[in-house]
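Some notes on the structure that comes next.
As the structure lists them, so they are numbered: ligands from 1, and atoms in each ligand from 1.
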Amino acid sequence: MAEFQEISKLSALHPKPAGLVLQYGTSGFRTNAKQLDHIMFRMGLLATVRSKKTKATIGVMVTASHNPEEDNGVKLVDPMGEMVTQDWEEHATQLANADQEDLLTALKNIIEKEAINMSQEANVFVGKDTRSSSASLSQAVLDGVSALGGHNYGLVTTPQLHYMVCCQNTQGKYGEATVEGYYTKFCQAFIQLTKNTSNRTDDQKHLCLDGANGIGALKVREMESHLKKELQISLNNDGSKGRLNHQCGADYVKVQQKPPTGVKINPGERCCSFDGDADRIVYYYTDSEGTFHLLDGDKMATLISTFLKELLTQAGLNLKIAVVQTAYANGSSTHYLENTMKVLVRCTKTGVKHLHHVAQEFDVGVYFEANGHGTVLFSKAAEEKIQQLAEDTNVNDERKKAALLLRNTINVINQTVGDAISDMLLIEAILAIKGMTIQQWDTIYTDLPNRQLKVKVDDRRVIDTTDAERRAVTPAGLQEAIDNLVKKYRQARSFVRPSGTEDVVRVYAEADTQESADALAHEVSLAVYRLAGGVGDEPKPLH
Ligand code: NG1
Ligand code: ZN
């Protein structure tokens with residue numbers, strides 16, 4: 001067929017380096033940008049056939065999120081704005097790794113297996129972040145999509161692309177499928193939510209933001225006028241000087257547990273950091289003694305679920321709410337949610353798609369990774385009940401007020417994926433409504449000191465895990481070693497898992513003091529190094 005000849009011709013312009021094998025990981029393909037040209041072209045092809053299969057618009061986002069500037073990556077976005085399904089992740093890996101001369105056969109295999117009607121129209125939305133490699137790599141995606149109806153959105157945040165795919169496939173019910181539509185929807189909801197919060201001072205309306213020198217900074221600048229000064233953002237690391245994610249951004253702040261460079265932080269001031277593609281956010285402040293306080297995804301999940309639970313009670317709505325976390329959630333947050341808030345907590349494997357999936361089982365599912373990626377999902381039934389109550393003329397003022405707040409809360413949330421901009425607006429609105437300072441929010445519970453480390457091993461796949469990645473099944477003896485180390489410390493917990501986005505094994509430890517958490521993380525790193533084929537120098541103690 002003519003289209004296959006065309007593919008053959010174009011694929012020769014995007015050849016695969018011989019011997020290179022890449023996996024569709026936690027968040028698509030991600031590695032050094034130099035190795036990705038053929039992957040981009042092939043993901044353009046795959047997105048096109050996925051679009052034909054689903055008879056819907058599919059998204060392709062070119063970004064490596066919080067990774068350094070020299071990396072890049074790509075992931076597919078399914079029709080409702082969610083991550084692509086597991087079996088298509090496998091197709092992606094197959095197609096990506098096919099030798100140059102076998103590419104057409106690999107593609108035809110997928111077409112056959114999925115019984116795809118190739119005469120079906122296709123529509124693909126392509127977005128990219130601000131990395132210098134993103135321009136040519138997104139062009140490679142478009143070459144793959146070629147003559148088949150691709151729409152290039154250019155520079156957008158990852159969540160904006162997810163939002164637009166969802167809008168397009170719901171015929172505008174979720175909003176207008178443009179960046180402008182995105183600003184209008186979320187900013188209007190924010191203004192509605194905060195309009196009755198009397199006496200907000202300029203200080204309370206002020207937020208210091210670290211844009212990680214990425215796309216989020218550009219987009220916040222574009223959005224600002226829609227906020228009508230109800231939120232006044234001082235934007236730092238806006239990409240005009242510094243390097244993307246370099247000593248700044250949500251991942252740096254969370255993992256290093258310190259403020260980003262390039263930002264002047266006044267004591268007590270409310271600050272937040274986005275990551276490189278603006279799908280993660282963390283909050284923080286420094287106190288009068290200069291001590292740094294981090295409010296991560298767990299603190300956000302707690303604030304949001306408390307707020308929603310209170311509103312549901314005031315509205316008299318009997319809806320099932322749950323918080324979904326991963327093994328990285330701080331033990332204190334889980335304890336607080338279960339024992340004080342009496343909220344159902346579920347733990348899943350790392351990776352947004354797992355959290356998203358479990359959150360869909362509840363009327364209201366609040367999900368957050370500790371690193372600040374998260375959102376809230378409302379079931380269709382929950383949305384309808386809230387809507388009905390908001391329109392009901394026979395309910396008392398308290399219930400009505402709660403229903404209206406719930407309705408606007410739904411509208412300020414990007415339910416397709418965790419979104420730094422939408423999460424920021426939600427948190428800002430909740431703090432305004434509750435008249436709460438960041439310090440008061442911080443004292444809801446106290447984090448257990450913790451440490452995250454990385455260990456390089458020869459092949460990270462030797463580590464196999466179970467129980468939402470909290471226990472290692474292989475290599476033999478590793479879990480036993482971890483268990484014995486954990487026993488030496490108070491309130492301790494530790495686990496290891498192979499990363500899905502980097503060629504490393506991640507180690508997490510928490511304990512009653514920072515010294516203990518650091519020592520435990522180090523000892524567990526050593527156990528990984530010795531039992532799972534460590535390479536390079538042996539891990540050194542942190543102190
Ligand atoms: P990996 O590299 O699989 O740990 C990291 C994050 C995930 C998720 C993905 C996608 C941690 C510990 N892991 O995955 O939570 O955000 O990146 O970007 O933060
Ligand atoms: Zn990201």
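Inclusion of S65 in the first shell of the Zn ion (ligand 2) is supported: an N, O or S atom falls under 2.8 Å.
Counting heavy atoms under 4.0 Å from ligand 1, residue S27 touches it through the side chain alone. When non-hydrogen atoms are compared, ligand 1 lies under 4.0 Å from neither the backbone nor the side chain of H373. The proximity of R30 to ligand 1, defined as any non-hydrogen pair under 4.0 Å, is limited to the side chain.
Checked against a 3.5 angstrom limit, the closest N/O atoms of G500 and ligand 1 fall inside it. Residue E369 places at least one N or O, backbone or side chain, under 3.5 Å from an N or O of ligand 1. Remark: ligand 1 and R506 share an N or O pair separated by less than 3.5 Å (distance only, no angle test). Not a single N or O atom of T350, backbone or side chain, sits closer than 3.5 Å to an N or O atom of ligand 1. Geometrically, ligand 1 and R497 share a nitrogen or oxygen pair separated by less than 3.5 Å.
Ring-plane geometry between F292 and Y284 is classed as tilted, the angle between the planes lying from 30 to 60 degrees on a 0 to 90 degree scale. Taking the six-membered ring for Trp and thresholds of 30 and 60 degrees, Y24 and F29 have ring planes more than 60 degrees apart, a perpendicular arrangement.
When the options N371, T63, V352 are ranked by their closest heavy atom to atom 19 (O) of ligand 1, first place goes to N371. The option from T158, T501, D503, T326 that lies nearest to atom 14 (O) of ligand 1, judged by heavy atoms, is T501.
Annotation: the span from E428 atom CD to D423 atom CG amounts to 11.5 Å, rounded to 0.5 Å. Separating the CG atom in L294 from the CG atom in N450 is a distance of 8.5 Å, to the nearest 0.5 Å.
The atom of D277 nearest to the Zn ion (ligand 2) is OD1, with the search restricted to N, O or S atoms. Residue-level check: among N/O/S atoms of D279, OD1 sits closest to the Zn ion (ligand 2). Taking the N/O/S atoms of D275 in turn, the shortest distance to the Zn ion (ligand 2) belongs to OD2.
A donor-acceptor contact closer than 3.5 angstrom links the side chains of E222 and Y183. Side-chain contact, S133 with N72: a donor N or O sits under 3.5 Å from an acceptor N or O. For the residue pair E176/T184, the side-chain donor-acceptor check at 3.5 Å is not satisfied. Between the side chains of N330 and Y445, not a single donor N or O lies within less than 3.5 Å of an accepting N or O. A donor-acceptor pair shorter than 3.5 Å can be found between the side chains of Q479 and D483.
Close approach to S499 involves these atoms of ligand 1, each under 4.0 Å from a residue heavy atom: 1 (P), 2 (O), 3 (O). Within the listing of ligand 1, atoms 3 (O), 9 (C) sit less than 4.0 angstrom from a heavy atom of T26. If you number the atoms of ligand 1 from 1 as listed, the ones under 4.0 Å from a heavy atom of Y328 come out as 12 (C). Atom numbering of ligand 1 starts at 1 in the shown order; those under 4.0 Å from a heavy atom of H66 are 17 (O), 18 (O).
Using a 4.0 Å heavy-atom cutoff, R280 is listed among the residues neighbouring ligand 1.
The shortest non-hydrogen separation linking L36 to G73 is CD1-N, 3.8 Å. Minimum heavy-atom separation, G418 to H373: N-NE2, 3.2 Å.
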